[in-house]
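Atoms considered below: every heavy atom in the structure, side chains included; atoms not considered: hydrogens, waters and symmetry mates. For the single chain, residues carry numbers from 1 onward in sequence order.
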Amino acid sequence: MIVLAIDTAGVDCSAALYDSAAGKVLSEVTETIGKGHAERLMAVIDEVLAAANLPLKSVERVAVVIGPGSFTGIRVGVAAARGLALALGVESVGVTTLEALAVKFLEEHPGHPVVVAMDAKRNEVYTQAFSAAGEALSQPAALSPEDASELAKSLSAAATGSWVEHSLGKGTADYDGRDRFDIAVVARIAAEKPVDAQRPKPLYLRGPDAKPQTGFALARS
């Protein structure tokens with residue numbers, strides 16, 4: 001199966017092609033752009049197809065990072081993935097940022113459960129726990145720093161992600177300010193993921209920062 005994976009949930013605009021039968025990444029392109037994913041994504045997909053010398057119609061599954069992350073970026077990626085899957089008549093699957101960070105960590109540090117802890121600002125942490133085999137042990141949630149720390153302690157787990165303060169209470173600092181991973185990780189996860197009956201949808205653990213102002217609405221005439 002040829003999987004096209006895309007990610008616009010963070011600062012990167014990424015795409016990869018993965019051959020699950022061969023267990024091989026055929027091509028990948030990542031541009032660290034911060035903003036402007038909608039303008040660049042289709043060009044990045046074209047580049048990854050050209051690098052693998054494959055036509056778009058060869059894609060048999062489309063995967064997309066569904067968050068948490070940038071509110072606008074997530075919407076761009078999910079809309080593109082659903083549109084491509086519909087046009088091609090193929091499956092589409094969502095992969096969370098938390099899953100990708102967990103797999104990345106476990107590939108480098110096998111043998112222990114891990115709590116992924118992303119800095120969500122506002123004194124909140126986007127958190128999820130995973131077993132040493134990569135299975136989810138908790139649901140994705142926006143927790144207080146204290147609750148995130150307690151979750152890691154209760155599982156005797158390692159910790160990774162942009163919010164890790166003294167390894168969530170274990171006494172060693174491990175903060176690098178990043179929640180980034182290779183897009184190939186997303187492709188590998190997606191190739192093994194069972195297909196949900198529903199199409200991918202954004203994972204928002206809280207509402208957008210932009211709120212409508214009250215008291216300034218104009219009356220309809």
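Between V64 and S92, every side-chain heavy-atom pair lies at or beyond the 4.5 Å cut-off. Counting only heavy atoms from C-beta outward, the side chains of M118 and L101 approach each other to under 4.5 Å. For the pair D7 and V95, the minimum side-chain heavy-atom distance is 4.5 Å or more. A 4.5 Å side-chain heavy-atom check between V125 and D147 finds every atom pair outside the cut-off. Between I74 and Y204, some side-chain heavy-atom pair lies under the 4.5 Å cut-off. Looking at heavy atoms from C-beta onward, V65 lies in side-chain contact with F181 at the 4.5 angstrom threshold.
Annotation: side-chain hydrogen bond (donor to acceptor under 3.5 Å, both in side chains) contacts of T96 (sequence neighbours excluded): E99. Every residue two or more places apart in sequence or in another chain that forms a side-chain contact (heavy atoms from CB on, under 4.5 Å) with A136 is listed here: Q128, F130. Judged as a side-chain contact (heavy atoms from CB on, under 4.5 Å), and not counting sequence neighbours, the contacts of P55 are K57, S58. With sequence neighbours left out, the salt bridge (Lys or Arg N to Asp or Glu O under 4.0 Å) criterion links D12 to R180. Not counting sequence neighbours, the partners of A80 by the side-chain contact (heavy atoms from CB on, under 4.5 Å) test are I6, L41. Evaluation of the side-chain hydrogen bond (donor to acceptor under 3.5 Å, both in side chains) rule for E39 yields no partner, not counting sequence neighbours. Here K35 pairs with nothing under the salt bridge (Lys or Arg N to Asp or Glu O under 4.0 Å) rule; sequence neighbours left out.
Among pairs with a residue in residues 40-55, those fulfilling side-chain hydrogen bond (donor to acceptor under 3.5 Å, both in side chains) read E31-R40, R40-E47, at least two apart in sequence or across chains. Sorted by first and then second residue, the pairs that involve residues 58-68 and meet salt bridge (Lys or Arg N to Asp or Glu O under 4.0 Å), not counting sequence neighbours, are R61-E91. Pairs passing the side-chain hydrogen bond (donor to acceptor under 3.5 Å, both in side chains) check and including a residue from residues 69-82, sequence neighbours excluded, do not occur.
The CG atom of L54 lies 10.5 Å from the CG atom of L4; values are rounded to the nearest 0.5 Å. Atoms NZ and OH, on K121 and Y126 in that order, are 11.0 Å from each other to the nearest 0.5 Å. Remark: T160 OG1 to K104 NZ distance equals 6.5 Å, nearest 0.5 Å. Taking CG from L137 and CG from L151, the interatomic distance works out to 8.5 Å, rounded to the nearest 0.5 Å.
Across all their heavy atoms, L17 and A52 have their closest contact at CD1-CB, 3.7 Å. Closest heavy-atom contact between P68 and T97: O-OG1, 2.8 Å. Taking all atoms of both residues into account, the shortest heavy-atom contact from A159 to V164 is CB-CG1, 4.0 Å. The minimum heavy-atom distance linking A102 with V114 is given by the pair CB-CG1, 4.2 Å. A pairwise comparison of heavy atoms in A16 and I183 identifies CB-CG2, 3.6 Å as the closest pair. Residue L205 comes nearest to P140 through the heavy atom pair CD2-O, 3.9 Å, listed as atom of the first residue, atom of the second, then distance.
The side chain to side chain donor-acceptor pair (under 3.5 Å) test with S14 singles out one residue from T8, T30, D182, and that residue is T30.
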Item to complete: Step by step, work out the side chain to side chain contact (heavy atoms under 4.5 Å, CB included) result for V115 and K153.
Response: CA-CA 10 Å; V115 168; K153 288 180 181 178; over 6 Å; no
Item to complete: Using the side chain to side chain contact (heavy atoms under 4.5 Å, CB included) rule, take L26 and I2 through it: C-alpha gap first, then chi angles, then the decisive distance, then the call.
Response: CA-CA 9 Å; L26 302 178; I2 303 298; 3.9 Å; yes
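No chain of hydrophobic side-chain contacts below 4.5 Å, direct or via other Ile, Leu, Val, Met, Phe, Trp or Tyr residues, connects I33 to V11. If you chain together hydrophobic residues whose side chains sit under 4.5 Å apart, L86 and V78 never meet in one group.
Residue V25 shares its hydrophobic cluster (ILVMFWY side chains chained together at separations under 4.5 Å) with M1, V3, Y18.
In this structure, the side chain of S138 engages the main chain of A129 through a donor-acceptor pair within 3.5 Å.
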Throw together a table of side-chain donor-acceptor distances under 3.5 angstrom for residues 184-191, partners on residues two or more places apart or in other chains.
unit_1	atom_1	unit_2	atom_2	d
R188	NH2	E107	OE1	3.0
R188	NH2	E107	OE2	2.8

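In E108, the CD atom is crowded: over 12 heavy atoms of neighbouring residues, nucleotides or ligands sit closer than 6.0 Å.
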